[in-house]
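Note sheet for the following structure.
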Protein chains: 2
Amino acid sequence: METIEQVLESKNIRVTAMRMLIYKFLVEKEVAVTLSDIENAFVKADRTTLYRTIKTFEEKVIVHQIDDGTGITKYALCEEGCNCDIKNDLHLHFHCNNCNETICLTEHKIPQIKVPDGFVSENVNLVVKGICDKCSG
Amino acid sequence: METIEQVLESKNIRVTAMRMLIYKFLVEKEVAVTLSDIENAFVKADRTTLYRTIKTFEEKVIVHQIDDGTGITKYALCEEGCNCDIKNDLHLHFHCNNCNETICLTEHKIPQIKVPDGFVSENVNLVVKGICDKCSG
DNA sequence: TAACAAATGCACTTCCATTGCACTTACTAT
DNA sequence: ATAGTAAGTGCAATGGAAGTGCATTTGTTA
């Protein structure tokens, strides 16, 4: 089991207290979070720091951005060996219309989508909306 | 060939000069447009009017909203007999990373997506990103 | 044509995303 | 160890898009 420090270092991210806390927060959360979620969890920290931290994590492919159609971008941890930036290796996301939470369905790969001649598909964003397991139970 | 008036009337939308112009604009554009696009095309009209007009069109299922991941909602005309509000009848959208335009691929239906047990799929947002036919040529 | 309903225009407000700059903290090379 | 540099953090402010309240105008109907 890697420590948080090791995770950050292996991705060439400088280790700071703030970054470790935010990483820990993301690990504990099982759903995608908004910047506001992080803000509420760390009221003592500045919004900008949180914003830039998440941007750094994004660049270094520790988290990926999710656009679930709520208009607010969310973030979630990448899986081990996640290739968020490589086409056709993206998983889909599920957005619950009831609890408003968004989760990664990492085991569900996106099917190949055919596009017309002349179009080149580079990547695919797929969000399924409905009722999640917790809300439908 | 229906006139614009007839189209609007058939959808129970009051015919006004502004609405006819905006409808005409949407017909002529072959890609999804943002509110700003409409704004730039009708500088003399007020933003609110354009905003509410498009909202009216949306309610009456003349246009549908597209979330292509740019963060700005776009709008495009619905096809004849479009069932934008009915699940599983949605077409997919293609967003060009080069020219930044988004088009409807109406003939391409979204494949059935399997979700885990306990999850209920209500609808699906699928955006393919890449290079469009104009830009790849 | 009077009366009512809907459409339009103006002025705000809110919310999220983003940036500039000053200050502080952490790494690096002597 | 320590000075110097690069990166991280905090504060303040900006910008863009979305949305709302209210007064005015336009259109429909009795």
Side-chain angles (χ1 to χ4, degrees), chain A residues 4-26 32-60 62-76 95 100 102, chain B residues 4-26 32-60 62-76 95 100 102:
Chain A
I4 296 180
E5 282 97 329
Q6 286 169 341
V7 173
L8 295 180
E9 276 167 4
S10 72
K11 299 276 185 176
N12 284 316
I13 300 176
R14 259 190 173 158
V15 178
T16 69
M18 201 66 249
R19 287 175 177 178
M20 289 198 291
L21 285 171
I22 295 177
Y23 185 84
K24 188 160 173 286
F25 175 74
L26 291 170
V33 298
T34 65
L35 195 56
S36 296
D37 291 335
I38 304 178
E39 226 182 313
N40 293 334
F42 301 96
V43 284
K44 280 179 285 187
D46 187 74
R47 198 189 149 71
T48 314
T49 303
L50 305 174
Y51 173 74
R52 286 200 258 240
T53 299
I54 213 74
K55 286 291 164 192
T56 302
F57 283 5
E58 207 185 335
E59 267 174 36
K60 305 291 187 176
I62 273 194
V63 302
H64 60 276
Q65 199 172 324
I66 303 165
D67 176 6
D68 63 6
T70 55
I72 303 163
T73 55
K74 296 185 177 175
Y75 303 90
H95 176 74
N100 206 34
T102 298
Chain B
I4 295 180
E5 282 97 329
Q6 285 169 342
V7 172
L8 296 181
E9 277 167 3
S10 73
K11 299 276 185 177
N12 283 316
I13 300 177
R14 259 191 175 158
V15 178
T16 69
M18 201 65 250
R19 288 175 175 178
M20 289 198 290
L21 285 172
I22 295 177
Y23 185 85
K24 189 159 172 288
F25 176 74
L26 291 170
V33 298
T34 65
L35 197 55
S36 296
D37 291 335
I38 304 178
E39 227 181 310
N40 293 333
F42 300 97
V43 284
K44 280 179 288 187
D46 187 73
R47 233 183 58 75
T48 314
T49 304
L50 304 174
Y51 172 73
R52 287 200 257 239
T53 300
I54 214 74
K55 286 292 164 194
T56 302
F57 283 6
E58 208 186 333
E59 267 173 34
K60 304 293 186 177
I62 272 194
V63 302
H64 60 275
Q65 199 171 324
I66 303 166
D67 176 6
D68 64 5
T70 55
I72 303 162
T73 54
K74 296 185 178 176
Y75 303 90
H95 176 74
N100 206 34
T102 298

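Quick note on labels: first sequence line is chain A, next is B, and so on, each numbered from 1.
Distance from the side chain of B:L35 is smallest to D:dA18 among C:dA5, D:dG10, D:dA18. The side chain of B:T53 lies closest to C:dT8 when the candidates are C:dT8, D:dG8, D:dA17. In the set C:dA7, C:dC10, C:dT8, the nucleotide with an atom closest to the side chain of B:D46 is C:dC10. Of the candidate nucleotides C:dA7, C:dG20, D:dA18, D:dA18 has the atom nearest to the side chain of B:Y51. Distance from the side chain of A:A45 is smallest for D:dG10 among the nucleotides C:dA7, D:dG10, D:dT9.
Rounding to the nearest 0.5 angstrom, the gap separating the OG1 atom in A:T73 from the CD atom in A:Q65 is 5.0 Å. Within the model, atoms CG of A:L8 and OG1 of A:T56 stand 10.5 Å from one another, a figure rounded to the nearest 0.5 Å. Distance check: A:E39 CD to A:D46 CG gives 8.5 Å after rounding to the nearest 0.5 Å.
Toward the 5' end of DNA chain D, the nearer of the two residues B:G71 and A:I13, judged by each one's closest nucleotide, is A:I13. Residues B:S36 and B:A17 each lie close to DNA chain D; by heavy-atom proximity, the contact nearer the 5' end of the strand is made by B:S36.
For D:dG27, its base never sits under 3.5 Å from the side chain of B:R19 at any donor and acceptor pair. Interface remark: the B:R52 side chain does not form any donor-acceptor pair with the D:dG19 base, using a distance-only criterion of under 3.5 Å.
No contact: B:T34 has no heavy atom under 4.0 Å from any strand. Using a 4.0 Å heavy-atom criterion, one finds that A:K44 contacts no nucleic acid atom at all. The residue A:T56 sits apart from the nucleic acid: no heavy atom pair falls under 4.0 Å. Among the heavy atoms of the strands lying under 4.0 Å from A:T48 is at least one base atom, whether or not backbone atoms are also near. Heavy atoms of B:R47 sit under 4.0 angstrom from at least one base atom.
Between the side chain of A:T34 and the backbone N or O of A:D37, at least one donor-acceptor pair lies under 3.5 Å.
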(message) Determine whether B:Y75 and B:F57 satisfy the following criterion, side chain to side chain contact (heavy atoms under 4.5 Å, CB included), listing intermediate values before the conclusion.
(response) CA-CA 10 Å; B:Y75 303 90; B:F57 283 6; over 6 Å; no

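If you measure from atom CD of B:E39 to atom C1' of C:dC10, you get 14 Å, rounded to the nearest angstrom. As a whole-Å value, the separation of A:Y75 OH from C:dA17 P is 6 Å.
Look at B:T16 and you'll find a side-chain N or O under 4.0 angstrom from OP1 or OP2 of C:dT8. Dashed line: the shortest gap from a side-chain N or O of A:T49 to OP1 or OP2 of D:dG10 is under 4.0 Å.
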